[in-house]
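Sharing a structure, written as structure tokens. Questions coming.
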Amino acid sequence: MASVSRFIKEPKTAAIVGCPFSGGQPKPGVDRGPIHLVEAGLVDQLKGLGWEVKFDGHHQFEEISAQYANDPDTGLVRDPPIGLLKNPRLVSSVTESVAQAVGSHCAKGELPVTLGGDHSLAMGTISGTLTTYPDAGVIWVDAHADINTVETTDTGNIHGMPLAFLLGLTACDTVPAAPNAPASSHATQPFSWIPSPPLLTPSRLVYIGLRDVDAGEKAILKKHGIKAFSMHEVDRYGIGKVVELAMEWLNKDYQGAHGQRPIHLSFDVDAMDPTVAPSTGTPVRGGLTFREGHYICEAVYETGSLVAFDLMEVNPSLADAAAVQQTVNVGCSLVRAALGETLL
Ligand SMILES: NC(=[NH2+])NCCC[C@H](N)C(=O)O
Ligand SMILES: [Mn+2]
Ligand SMILES: [Mn+2]
């Protein structure tokens, strides 16, 4: 088996990027996900796998949140919706700061492990990865495609849209700054910090686990020829073949130095079947089994090409205590699997 990753420097260091953030969707509690995962002992678990672990507390988005919260004195709304999009300035500002954090870990040869928080955060994590590894491929494990545009979104929840922004398929209009909002590009043109032309391209994205894709999203996947292994393909080929085909797809046109693209693995815990990971905001039946989810993580680790990992959408407030513990434990074991834990 390949050692850690041909891209990670010795001594191999994992940097936990704890992101207590819920602004990309409406259900409170997902901001507590990273806190629960760390309290469950994740740092020591990763040290037990031979990693040096950097973790100096969760990111504090309070300052940013305060800037875009309604004015405490006047009640003025400083982050009104743009079209249907909810909290656009807040999400833009938080994700840019996550991009800087993840990017700086990548630049040092560390493996960023981002704990969400809602999946809008992946605009930050993937942007951060791509600044150091511009030809990285993305494996997006999710029940959902998270590729709605400003035009196609039904909900206005930005956690259903990060890939559309990352691929440059959508953008926010320029809007006048709300009174008392900080003077910044986030206030008037959210997400304009995402580079254009985009760092991510459709051929370097592959999905595993999809089963709840909006009609507009299906059209986008088709139009751009984006490779997706839905649960149907997982059933047909088995998870082993699916991961093999996903890696082949990402590397089909790769001529780079290391033989294989660096891989960013973004794992939404709702990819797992709700019987396995019940405590999440948008559960969808018919998902990955415990082993299928872990197999993806193990197999990607084994390629030696993993450069960043996200575990998103653990929401410890949506189930009874036992189901929360179950979800948190599964979350921790998925991270361990992606960082080299083996069964033998
Ligand atoms: N990261 C997630 N859990 N995303 C769920 C997205 C659901 C739906 N497609 C939407 O646009 O709102
Ligand atoms: Mn999802
Ligand atoms: Mn998602």
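Every number for a ligand or one of its atoms is a count from 1 in the order of the listing. Numbering of residues begins at 1 and proceeds along the displayed sequence.
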Residues Arg211, Asp270: salt bridge by 4.0 Å N-O rule: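 No salt bridge links Arg211 with Asp270.
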Among Asp214, Asp154, Asp268, Asp146, closest by any non-hydrogen atom to atom 4 (N) of ligand 1: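 Going through Asp214, Asp154, Asp268, Asp146 one by one, Asp146 has the nearest heavy atom to atom 4 (N) of ligand 1.
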Exercise: do Asp214 and His144 side chains pair donor with acceptor under 3.5 Å: no
Residue pair Lys227 / Ser203, side-chain heavy-atom distance below 4.5 Å: no
Protein contact to atom 7 (C) of ligand 1 [nearest heavy atom, distance to 0.1 Å]: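 Nearest protein contact, heavy atoms only, for atom 7 (C) of ligand 1 is His144 CD2, 3.9 Å.
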Side-chain touch His186/Gln67, heavy atoms, less than 4.5 angstrom: no
Under-4.0 Å heavy-atom contact with ligand 1, by part of Asp270 that carries it: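 For Asp270, the contact with ligand 1 is made by the side chain alone.
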Phe191 and Phe165 aromatic ring geometry - parallel, tilted or perpendicular at 30°/60° bounds: tilted
Lys27/Glu313 salt bridge by N-O under 4.0 Å criterion: no
Shortest protein contact, atom 11 (O) of ligand 1 (heavy atom only):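 Answer for atom 11 (O) of ligand 1: Asn148 ND2, 3.0 Å.
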Heavy-atom check, side chain of Thr289 versus side chain of Val276, under 4.5 Å: no
Closest approach of any protein heavy atom to atom 12 (O) of ligand 1, naming residue and atom: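 Here the closest protein heavy atom is Thr155 OG1, 2.7 Å.
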No-hydrogen, no-angle side-chain donor-acceptor test under 3.5 Å, Ser230 and Glu233: yes
Option nearest atom 3 (N) of ligand 1 (shortest heavy-atom distance, choices Thr282, Val213, Val30, Asp142):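 The residue whose heavy atom sits nearest atom 3 (N) of ligand 1 is Thr282.
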Modelled atom types, side-chain donor and acceptor of Thr327 and His36, under 3.5 Å: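 Short answer, no.
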Atoms of ligand 1 close to Gly160 [distance to a heavy atom under 4.0 angstrom, numbered from 1]: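 Close to Gly160: 6 (C), 11 (O).
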Protein N, O or S atoms lying under 2.8 Å from the Mn ion (ligand 3), listed by chain and number: His119 ND1, Asp142 OD2, Asp146 OD2, Asp268 OD2
Residue Glu313 vicinity, atoms of ligand 1 by number, heavy atom under 4.0 Å: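 What qualifies from ligand 1 is 1 (N), 2 (C), 3 (N).
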Distance-only donor-acceptor check, side chains Ser305 and Arg6, under 3.5 Å: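 Per modelled atom types, Ser305 and Arg6 side chains form a pair under 3.5 Å.
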